[in-house]
Amino acid sequence: RGQIRMSIKMLFPILLLGLAVLTGLDSAALAAVGQPEPWQLGLQHPVSPVAVQGHDFFILLTWLMTAVTVIVLLLLLYVLFRFSRKRNPVPSKTTHHTLLEIVWTCLLYTSPSPRDS
């Protein structure tokens with residue numbers, strides 16, 4: 001009863017170190033593993049299934065951000081072209097639309113938020 005039991009979690013680093021010593025892997029050999037390369041774009045190559053999923057998610061988000069950025073750029077260019085001084089010499093004096101503001105406010109306060117679920 002007085003003996004200390006060593007669990008697998010405690011033995012694993014010791015076994016891993018012993019394996020590295022036996023195979024000749026030292027810190028100099030492991031220093032280049034996982035290091036970025038010159039002019040590397042994106043993430044490093046994934047080696048585990050979770051890292052592969054994370055890498056795929058990163059690529060998906062990159063494409064989504066690119067699409068949103070292009071759409072916003074196109075909308076900005078359209079607004080600059082459509083409402084330029086040359087094309088619209090007399091701007092509209094409209095400032096408020098009471099009905100639209102009331103409907104917008106009511107929709108915002110009646111719609112469920114993600115925190116409500």
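Quick caveat: nothing in here was measured; it's all calculated off a predicted structure.
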Once you round to the nearest 0.5 Å, how far does CG of L61 lie from CG of D56? 11.0 Å
Quick check for you: to the nearest 0.5 Å, what is the distance between T98 atom OG1 and E101 atom CD? 6.0 Å
Besides L99, the hydrophobic cluster formed by Ile, Leu, Val, Met, Phe, Trp and Tyr side chains linked at under 4.5 Å, directly or via other members, contains V103, L107
Would a single hydrophobic cluster contain both W63 and F58, if residues Ile, Leu, Val, Met, Phe, Trp and Tyr are joined by side-chain heavy-atom contacts under 4.5 Å? yes
Can you list the steps and then say if L60 with L64 is a side-chain contact (heavy atoms from CB on, under 4.5 Å)? CA-CA 6 Å; L60 173 69; L64 286 174; 4.2 Å; yes
The remaining residues in the hydrophobic cluster of L74, counting side-chain heavy-atom contacts under 4.5 Å among Ile, Leu, Val, Met, Phe, Trp and Tyr, are V70
Show the nearest heavy-atom pair for residues R87 and R82, with the distance to one decimal. CB-O, 3.9 Å
Distance-only donor-acceptor pairs under 3.5 Å for side chains of residues 47-55, two or more places apart:
unit_1 : atom_1 : unit_2 : atom_2 : d
S48    : OG     : A51    : N      : 3.2

Spacing of CD1 belonging to I71 relative to CG belonging to L76, to within rounding of 0.5 Å: 13.5 Å
Say you draw a straight line from CH2 of W104 to CG of L108; how long is it, rounded to the nearest 0.5 Å? 5.0 Å
